[in-house]
Every structure is written in C-alpha cells, then in structure tokens.
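To start, the structure under review is shown below, and the notes come after it.
Reckoned from all heavy atoms, side chains included, excluding hydrogens, waters and symmetry mates. Every chain is numbered from 1, with letters handed out A, B, ... down the list of sequences.
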Amino acid sequence: MISQFAALSVVLVSAVALAIYGMRHQRGQREIPTMDAPVGTPAQESQSGERPSPTPFSRTHVQPPFRAFSDEVGRVAEAGAAIHVALGSGGLLGEQGMVSIAALQGLDALVTLSAAYDTPPFMTTGDATLYLLADTQLRSGYARAGNLRGYRHTAVQFIAPSPLLYAAQAATLAADESLGTNINLGAFDQEVSLLTDAALRKNVKLYGGAASALGLAALYPDIGREQLIMGEELFAGGAEVIGRSAFWGSLHTENLLRWLIVVAIIVTMLVSLSGTFMAGGG
Amino acid sequence: MFKNFLPTLMAVAAGFLVLLGYLVPIGFLPTLRQVLVRWATILAAFALLLAYANVLRVHIGRLFQKRAPYRVSSAILIAASFAILVLVVLEGPNHTLVQTWLQTVLIPGQSALLALTAVTLALAGTRLLRTSRNLYSVLFLLGALLTLLAAVPVAYPPIVHLVMQFVDAVATGGIRGLLLGVVLGILMTGLRIILGIDRPHSGG
C-alpha cells in the first residue's frame, strides 16, 4: 500500500510539473515564434544553423541524431537509395511499449519529409501492435502531406514475432534493398548486432538507439557516439523533432524528478550510514 | 473531429482507469483494470492477424514480381505458413507434426541465430579496435574482456578478482543509472498519453 501511495504521489507530482513546465515553455515559445516549425524548415534555424533554444537548459536535451534523420531523407533520395528503419520488437502491451512510441516520435520529421517527397522509409517491426502503430504513423504522415493516395501498404512490414528472428530477417531484407541509411531505433537487445553487421557490410550509414544496456552494448562498437541515442536520450526525440511544449515540459519534468531521486538516494544513504554508526557506537 | 476525438477519449479513459486500478486498489477498480487489460490482449490478437496478413501480402506480391530477389524464400514462407495453419486447424497445436516442426526447425534455428549474434558481437569488438582507437573504446573492450574472463571457472589471482569486482560495481551502477533515466522517460511518455496530450494511436 505504501509503494502504491508513493507511485501515485510521483504520478501526481509529474502531472502537475508537466502542466507547469508545459505552460512556461509555451509562454516562452511565444517570444520565439519559430520553435513550432518542423525540423528542417529554414525559418527554424538561424544563420549559423543552430536552432533557437526555448530556455538555457534546453540545449542539454538536444540530441543531434534526431535532427540528422530528416537530412538523411534528401541525401538518400539524391543517391536513389532507401532508408530502412528497424523499430525492434517492443510491443504496446509489454513494458517496452513506451520505448517504441518514443522511437516513433523521434522519427516524426523523417516520416513527414519522406511523405512530402514521396520517398517512404522502409519500416520493419517485430511486434504486431507496433506494426499497426508504425503503419498509422506513416499513413498520417502521407495524409498531412496531402498525398494519401501515394501511401504504399508494404512500406511498413511486420517481420517475425521473436526478437532474434526479427533481427535476422530484417538484416536479410536490409541486404536486399538498395539502402542508403539504416536506422535501428527502439526496443532492442543484443540481436541488433545482426542488423548493424549486415548494414556495415554494405557500407550503409548507420544510426541507432536503444533503451536497454544489452542493446546499447551491441550498438556502441558499430555506431559512432554522434549517431548513437543512449537510454533516456531516446525520449528527447519528440521534443527535438516535433517541438511541442508538452514534449519540452516532459523533459524538464524528467530533470526535476531526476533531482528528486538524487536527493532521495543521498538522504537514504545518510540515514543508513547514521544507523550503522549508531549501531557501532551503541 | 469525431474521428480523432473518440479514439482519444477511449485511450484516455482506459489509460486512466487502468492506472487507477494499479495505484488505488479499492472497490471495483482492480477488477475493471483486469477486464480492460484482457480486452487489450484480445485486441492484440487481432493485431497479430493483421500483421500476418501484411507478411502474406508482402511475400505474395514478391512472388509475382519479375526481378524480386529471394522469390524462393517467399514461396517457402507462404507454403510453410499454409501447411502449419492447416495442421493446427485440423489437428490442434499439440499435434506431433506441429511439435516436431517446432523442436527440429524453429528452436535449433533460433539457437543458431543466438550463436551467430555472439560472432557478430565479437566482430563488432574487433572493428571497434580498428575504427575508433580512443580511451572509451579501450575501456569498453577491457570491460568486455574482464566480464568474459569472469565467466570462466578458473582460480585467478586476488588482484584480478578485485579488478573484476570493480568493473562489476561500475557496470551495475551504470546500468541502474541508465534504467532510472529510461523509467523517467517511460513515465512521462505514458503520462502524456493518459492526459491526451500525445495521440500515437491517431498518428498525432
């Protein structure tokens, strides 16, 4: 009961903080009117190529790989190649569901630009519910671009329900298509090395991100730090590419909760240390 | 408007009730949570049907393409799918033939893939030495080597044990830190969906 009460308190504090930070960011955004423009639009970037930051702290959240995704659309289209996006096996009913949703949000700019240029990325998933979500995302990207007729039903593919089989089959597909870029973003474990290995053999440009330590350990050797999205950075994609106040508010709330956790850890440590000393003294 | 409003309302209501069922386990809330989760599982089964329809659509389409690579593998996949479907419908999932297929094809295949993953990881380690020779790469490989050594049942000198314990403590601390950050991200993503700010189910 105590743990449930604590969890409820955390949820309530987070909701209130999200509302406050979201409103604060929205107010700040009115002073910088370009922030809501999608990534890649000229109005959003200054002459130096830097995006304006809504607060001095926001720069710490910016993850370069998310912005690079939309640049890849043009680069790959010029080369007459394709982008393969592997979303992993994080189903919506499982504990990795939010990781998959965050990954899809990080790909929003890529999807929108691809739909506008009618060069859809080739998306693969290892879970049925994630397949439906990715299909909806790509389809709505086409709808936003006013090109729903151009949507291809095979652009998003469900591969296999097991992570290993998914990775092996997606790696085979990645070797089939004339790929320019391979993005492995989502719920992955060590099986992602099959995908990165296949891409590297074809000299394909690699990006990747995972929330699990196993997935990151497999990605790190093959992907440079600049192209790697590590752990919680994955949840910053929505703020970076969509730029809505709610996403930035979430990041600030995460920062606040992180500090609360730090304080809680230090207090717990001090209390247990004092208990040890008192037991030793007594 | 109705097209977006109704799914959002349903998602918010369902999410809110399930969360309340977990956090405030009083009255009818836990039972309602169980019912909603069961409904979600049933819906996921339908999602699986749609996903398999996608698999068939892709591979049948590939069969009729003139220059599609791996047409044979598509043909094998379709044939195997139909054969297993017929077997399961006629004889049930516990029939000897279905079980034999599982034990002799699928499980050994997955084991082989797991072994292949170990090879690709080792290859990635050697590539790291060639491509980025910096402090982090050295630390990464050293950590991996020590962890591998720790798995070998040999009597190491005390100093090696001490180093292994140090690496283990650092790795455990790092993993816990990573998990804490991920959990915060998961919490905020879930909260945005429950509050209706974020609507991935409607593509927005």
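The closest donor-acceptor contact from the side chain of A/Gln4 to the backbone of B/Tyr22 lies under 3.5 Å. At least one donor-acceptor pair closer than 3.5 Å links the side chain of A/Ser100 to the backbone N or O of A/Gly90.
Contacts between B/Leu141 and chain A at a heavy-atom distance below 4.5 Å are absent for every atom of the residue. Of the two parts of A/Ile101, only the side chain, counted from C-beta on, holds a non-hydrogen atom closer than 4.5 Å to a non-hydrogen atom of chain B. For a residue to count as touching a neighbouring chain, one of its non-hydrogen atoms must lie under 4.5 Å from one of that chain's; by this rule A/Leu194 touches chain B with backbone and side chain alike. Only the side chain of A/Arg201 comes within less than 4.5 Å of a heavy atom of chain B; its backbone N, CA, C and O stay farther away. Looking at A/Val111, neither its backbone nor its side chain comes within 4.5 Å of chain B, counting heavy atoms on both sides. Proximity to chain A is limited to the side chain of B/Leu180, based on heavy atoms less than 4.5 angstrom apart. Heavy atoms of A/Leu138 lying under 4.5 Å from chain B are absent altogether. Residue contact with chain A, scored on non-hydrogen atoms closer than 4.5 Å, involves the backbone and the side chain of B/Tyr136 alike. Heavy atoms of A/Leu164 lying under 4.5 Å from chain B belong to its backbone as well as its side chain.
Highest contact tally toward chain B, considering only A/Pro161, A/Ser14, A/Ala167, is held by A/Ser14 [criterion: heavy-atom pairs under 4.5 Å]. Most heavy-atom pairs under 4.5 Å with chain B: of the set A/Val99, A/Thr154, A/Leu93, this distinction falls to A/Leu93. By number of non-hydrogen pairs under 4.5 angstrom with chain B, the leading residue of A/Gly97, A/Ala218, A/Ser162 is A/Ser162. If you tally non-hydrogen atom pairs under 4.5 Å between each of B/Gly190, B/Gly181, B/Gly185, B/Ser73 and chain A, the highest count goes to B/Gly185. Contact count against chain A (heavy-atom pairs under 4.5 Å) is highest for B/Leu50 among B/Leu50, B/Val119, B/Ile175. Ranked by heavy-atom pairs shorter than 4.5 Å toward chain A, the options B/Leu48, B/Ile186, B/Leu187, B/Leu19 are led by B/Ile186.
In this structure, B/Arg127 pairs ionically with A/Asp197, as a charged nitrogen and a carboxylate oxygen lie closer than 4.0 Å.
Nearest heavy atom pair, residue B/Asn54 against residue A/Phe158, reads OD1-N, 2.9 Å. When all heavy atoms of A/Met98 and B/Ile193 are compared, the pair lying nearest together is SD-CD1, 4.0 Å.
Residue-environment remark: CD (A/Glu95) stays at or below the threshold of 12 foreign heavy atoms within 6.0 Å.
Taking NE2 from A/His25 and CD1 from A/Ile20, the interatomic distance works out to 15.5 Å, rounded to the nearest 0.5 Å. Expressed to the nearest 0.5 Å, how far CG of A/Asp127 lies from CG of A/Leu92 amounts to 6.5 Å.
Judged by distance alone, the side chains of A/Gln157 and B/Arg57 never bring a donor and an acceptor atom under 3.5 Å apart.
Here the side chains of B/Leu178 and A/Leu216 are in contact, with some heavy-atom distance below 4.5 Å.
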